[in-house]
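These numbers were taken from a predicted model, which means no experiment stands behind them. Chain letters run A, B, ... following the sequence lines, proteins first, then strands; residues in each count from 1.
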There are 2 protein chains.
Amino acid sequence: MAGQPKDTRPELAAIAPGNDDGVIDYEIIELLFFAYRDFISDPDAILERRGFGRAHHRVVHFVDREPGMTVADLLETLKITKQSLARVLKQLIDSGYIHQVAGPEDRRQRKLYTTREGKAFAHALAEPQSRRIAAALAKTGPGARETVKRFLGGMKTGSDTSGTDR
Amino acid sequence: MAGQPKDTRPELAAIAPGNDDGVIDYEIIELLFFAYRDFISDPDAILERRGFGRAHHRVVHFVDREPGMTVADLLETLKITKQSLARVLKQLIDSGYIHQVAGPEDRRQRKLYTTREGKAFAHALAEPQSRRIAAALAKTGPGARETVKRFLGGMKTGSDTSGTDR
DNA sequence: AAAATATGTCAATAAAGCTGACATATCCTG
DNA sequence: CAGGATATGTCAGCTTTATTGACATATTTT
């Protein structure tokens with residue numbers, strides 16, 4: 001995981017104008033803020049029409065991505081409390097986007113799955129985001145995807161070179 | 001801007017297991033989600049100790065970065081309403097982190113500045129984020145900074161190649 | 001003087017999170 | 001089998017951050 005030549009340059013920060021705190025990388029901090037704000041705005045518009053919020057988005061997304069997830073898995077992934085999840089999950093189940101199945105081994109568990117409509121919903125939400133990513137990558141140039149993946153992965157807590165998180 | 005050989009591969013998405021929606025770039029969607037979640041968790045811890053929230057962070061940050069900003073500027077940047085800003089701004093002023101000065105030209109305006117304490121606060125909040133970014137960039141490899149900047153910039157709405165936003 | 005603008009503020013509402021407490025069903029252990 | 005642990009559900013109340021609507025004040029522009 002460190003196969004490239006060491007870059008010994010002292011983090012030449014390239015601070016934006018107007019401030020000289022030095023060291024602090026305000027440029028990328030702000031870029032991330034705006035990128036994420038707009039990235040999230042695409043699905044927000046769709047969600048609003050259906051009377052849902054971001055919380056619903058996250059739940060549908062992860063259940064769709066990992067079918068058979070348990071409630072506990074979802075809580076772990078989203079890092080929210082059971083009570084917070086409950087309201088949102090209930091609405092999604094009532095709306096017919098997600099259904100539950102008692103665990104085959106452990107019947108206390110509720111395994112979660114997206115319904116056909118849930119899959120379509122998840123897809124509809126992801127599409128504009130994917131489109132935005134593709135456009136940004138294309139504009140950035142070839143090879144951008146790999147670099148961006150590595151960078152974003154490195155921003156995640158618990159990705160400290162040593163690899164396996166959790 | 002395109003000095004390298006064209007990459008004609010059809011966006012081979014590299015979808016993660018468990019789903020085959022094709023086309024959708026779930027990998028980067030999720031990477032962004034986790035990256036941002038953890039990126040924001042660093043300052044969150046500091047804010048909590050002082051009884052502030054993310055909203056305060058954003059306000060202190062932008063005022064610190066662009067001294068003399070008006071309230072209208074801030075509303076535009078944050079894309080929130082005046083009433084939402086009011087409470088947060090008031091608390092920051094009362095806490096001595098931000099102060100207002102009537103505009104020299106237009107005295108209806110309130111130009112916003114961080115106090116000495118406000119600057120220190122902004123710096124304290126930005127530091128762990130900057131550190132995280134530096135670590136992620138270093139791990140990604142040389143040249144990552146440029147690529148990441150371009151990508152993140154491209155994710156922002158209204159950055160459609162033509163360049164100058166606003 | 002009147003209209004427009006920049007800001008402030010009151011009140012009510014909503015979304016999404018939280019804590020605490022407790023109920024149920026199920027599994028595991030002694 | 002009894003009792004404890006676990007997975008989930010649910011009730012009640014609270015907090016933060018955002019919203020809309022209405023209106024007040026000061027100032028600038030027309």
Worksheet item: Separation of Asp73(A) atom CG from dT8(D) atom C1', in whole Å?
Response: 13 Å

Worksheet entry | Ionic contact status for Arg145(B) with Glu27(A), cut-off 4.0 Å | yes

Item to complete: Please identify each residue that fulfils salt bridge (Lys or Arg N to Asp or Glu O under 4.0 Å) with Arg108(A), with sequence neighbours left out.
Response: Asp106(A)

Practice prompt. For Lys111(A), report the nucleic acid contact type (base, sugar-phosphate, nothing); a contact means any heavy atom under 4.0 Å.
Written response: nothing

Discussion item. Looking at Arg50(A), I'd like to know if its CZ atom is crowded, meaning that more than 12 non-hydrogen atoms belonging to other residues, nucleotides or ligands lie closer than 6.0 Å.
Written reply: yes

Item to complete: For the side chain of Ala72(A), starting at C-beta, report the closest nucleotide among dG17(C), dG8(C), dT8(D).
Response: dT8(D)

Response to the item:
Residues at least two apart in sequence or cross-chain that pass ring-ring contact (aromatic ring centres under 6.0 Å, His included) with Phe62(A), listed by chain then number, are Phe33(B), Phe34(B)

Worksheet item: Rounding to a whole Å, what distance do you find between Lys82(B):NZ and dA6(C):P?
Response: 11 Å

Practice prompt. Pull out every residue in residues 43-57 of chain B that has a heavy atom closer than 4.0 Å to any atom of DNA chain D, ordered by number, or say none.
Written response: Gly53(B), Arg54(B), Ala55(B), His56(B)

Discussion item. Tell me every residue that passes salt bridge (Lys or Arg N to Asp or Glu O under 4.0 Å) with Asp38(B), counting only those two or more places apart in sequence or in another chain.
Written reply: none

Practice prompt. Look at the side-chain heavy atoms of Ile, Leu, Val, Met, Phe, Trp and Tyr, link any pair under 4.5 Å apart, and say whether Leu75(A) and Ile93(A) land in one connected group.
Written response: yes

Worksheet item: Can a donor-acceptor pair be found between the side chains of Arg37(A) and Tyr36(B) at a distance below 3.5 Å?
Response: no

Practice prompt. Starting at atom CG of Leu75(B), determine the distance to atom C1' of dT7(C), rounded to an integer number of angstrom.
Written response: 9 Å

Worksheet entry | Spacing between Leu74(A) atom CG and dA16(C) atom C1', to the nearest angstrom | 15 Å

Worksheet item: Would you say the side-chain atoms of Thr114(A) pair up with the backbone N or O of Asp64(A), donor to acceptor, closer than 3.5 Å?
Response: no

Protein-nucleotides 27-30 of chain C N/O pairs under 3.5 Å:
unit_1, atom_1, unit_2, atom_2, d
dC27(C), OP1, Glu105(A), O, 3.4
dC27(C), OP1, Arg107(A), N, 2.9

Worksheet item: For DNA chain C, which residues in residues 83-100 of chain A have a heavy atom at a distance below 4.0 Å?
Response: Gln83(A), Ser84(A), Arg87(A)

Worksheet entry | Proximal nucleotide (of dT8(D), dA16(C), dT7(C)) relative to the Gln109(B) side chain | dT7(C)

Response to the item:
When rounded to the nearest 0.5 Å, the distance separating NZ of Lys119(A) from CD of Glu117(A) is 10.5 Å

Worksheet item: Would you call Arg150(B) and Glu146(B) a salt bridge, using N to O less than 4.0 angstrom?
Response: no

Worksheet entry | Whether His61(B) and His57(B) hold their rings parallel, tilted or perpendicular, with breakpoints at 30° and 60° | perpendicular

